[in-house]
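Report on the structure given below.
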Number of protein chains: 2
Amino acid sequence: MSISQEKFKQMLKEKGLKVTNQRLLVLEVLAAHRDRHMTAEDIYELVKEDYPEIGLATIYRTVQLLLEMQLVDKINLDDGCVRYEIGEANDGEGEPHHHHHHLICKTCGKVFPFRDDLLDGLERHIEEETGFHVLDHELKFYGQCKKCRKK
Amino acid sequence: MSISQEKFKQMLKEKGLKVTNQRLLVLEVLAAHRDRHMTAEDIYELVKEDYPEIGLATIYRTVQLLLEMQLVDKINLDDGCVRYEIGEANDGEGEPHHHHHHLICKTCGKVFPFRDDLLDGLERHIEEETGFHVLDHELKFYGQCKKCRKK
DNA sequence: GTGATTGCAAACTTTTTGCATCCGA
DNA sequence: TCGGATGCAAAAAGTTTGCAATCAC
């Protein structure tokens, strides 16, 4: 049982919400595929293996809950569906919004993660310049991956 | 008549495509509202004022064309619909992908533009490190704007 | 026991597509 | 003229919602 699952149970109880199999399984599936960028449908198919009676609506409702609890991040790869991945900081500690960026290949469609903290300085700069308080960011790069370039 | 409209006509002819009223009007509406982030529906409503018989499907098809021609940029503000804005570089010259970033207020929903070229260095860094050739990027910051912070 | 949660189906929203008609070159 | 472009309606795809049944506490 992962740290985030224990944390999740505790957070649910604190909010007066119930710990259900469905909720635990959705988080488990996200944790087990942290390398992937999962759509609601992806999660649905995987949870169904353990719990065939689950409905797609429950996936949407649970993912919404996990977003509010900041246990998962939402990303949009511009292919028409929203994707979810478990937050990086939520197995251990650390600032909640230090997730990675995404390199999206326009040729093959593959998505590569990329870590960089360059934006911290930029966030401070924005706050000084505009008074806008930055809580989170999303950065995507579009281009061509190594493999596709060679062809 | 703006430079981008002339450019658009020429690009259409080069591709063997036709210059139609509908296409010109969609570009015109986007150019006239470069400060806004327009959905297909927004464009539809505005073009209808001059050309009531236009169909929404034509807006979608035209916007798709403008994206391919790199005359407009696509942005997604996570409110369930894709938005379009005319490319900054396309009235004059310059690198095509130097558009601005967006500061999205989680409280009032307003979107503020922010200019910064910090990402140029990061793009070079990515190419060296991963071999991924970056053509474009999209950067969004989520947080709270000056006004909402005061409350 | 009781209120939150779930599954199902229907509704909704945004975007795409097929096709007959129309129009620019 | 003729192939591309358009408008309309229908279809598709993703997500949300209402409600009765169910389950966690």
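The chains referred to below are lettered A, B, ... by the order of the sequence lines, with proteins before strands, and numbering in each begins at 1.
- Within residues 46-53 of chain B, the residues having any heavy atom closer than 4.0 Å to DNA chain D are, in order of number, Y51(B), E53(B).
- Between K15(A) atom NZ and dG3(C) atom C1' there is a gap of 17 Å when expressed in whole angstrom units.
- Comparing the local axis fitted to the first five base pairs of the helix from dG1(C)-dC25(D) to dA25(C)-dT1(D) with the one fitted to its last five gives a bend of 40°, rounded to 10°.
- With sequence neighbours excluded, no residue satisfies side chain to side chain donor-acceptor pair (under 3.5 Å) with H101(B).
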Please table the atom pairs, donor to acceptor, closer than 3.5 Å between any side-chain atom in residues 139-146 of chain A and protein atoms at least two apart or in another chain.
residue	atom	partner	partner atom	Å
K140(A)	NZ	N76(A)	O	2.7
Y142(A)	OH	D78(A)	OD2	2.2
Q144(A)	NE2	T107(A)	OG1	3.0

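- Residues I104(B) and L67(A) do not share a hydrophobic cluster, clusters being chains of Ile/Leu/Val/Met/Phe/Trp/Tyr side chains in contact below 4.5 Å.
- For the side chain to side chain donor-acceptor pair (under 3.5 Å) test, residues two or more places apart in sequence or in another chain that qualify with Q10(A) are E14(A).
- When heavy atoms are screened at a 4.0 angstrom cut-off, Q22(A) is found touching the sugar-phosphate backbone but no base atom.
- For T58(B), the side chain to side chain contact (heavy atoms under 4.5 Å, CB included) test picks out Q22(B), I54(B), R61(B), T62(B), with sequence neighbours left out.
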### Message
For nucleotides 16-25 of chain C, give me one character per nucleotide, 5' to 3': B if any protein heavy atom sits under 4.0 Å from the base, S if the only such contacts are to the sugar-phosphate, - if neither.
### Response
BBB-----BS
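- Applying the ring-ring contact (aromatic ring centres under 6.0 Å, His included) test to residues at least two apart or on different chains, the pairs with a partner in residues 27-75 of chain A are H37(A)-H102(A).
- Partners of E45(B) under the side chain to side chain donor-acceptor pair (under 3.5 Å) rule, at least two apart in sequence or in another chain, do not exist in this structure.
- Rounded to whole Å, the distance from CD1 on I43(B) to C1' on dT15(C) is 13 Å.
- In this structure, D116(B) has no side chain to side chain donor-acceptor pair (under 3.5 Å) partners at least two apart in sequence or on a different chain.
- Contacts between chain A and DNA chain D, taken as any atom within less than 4.0 angstrom of a protein heavy atom, begin and end at dG14(D) to dC25(D).
- Salt bridge present: D117(B) and R115(B) bring a charged side-chain N and a carboxylate O closer than 4.0 Å.
- Here the options are V63(B), I59(B), I43(B), I75(B), the test is side-chain contact (heavy atoms from CB on, under 4.5 Å), and the partner is M38(B); only I43(B) passes.
- Applying the side chain to side chain contact (heavy atoms under 4.5 Å, CB included) test to K110(A) and every residue at least two apart in sequence or in another chain returns C108(A), F112(A).
- Under a cut-off of 6.0 angstrom, the local environment of CZ in R149(A) is crowded, with over 12 non-hydrogen atoms contributed by other residues, nucleotides or ligands.
- A donor-acceptor pair is defined here as one N or O able to donate and one able to accept, closer than 3.5 Å; such a pair exists between the side chain of R23(A) and the backbone of K18(A).
- Nearest-nucleotide mapping onto DNA chain C: of I54(A) and A40(B), the residue sitting toward the 5' end is I54(A).
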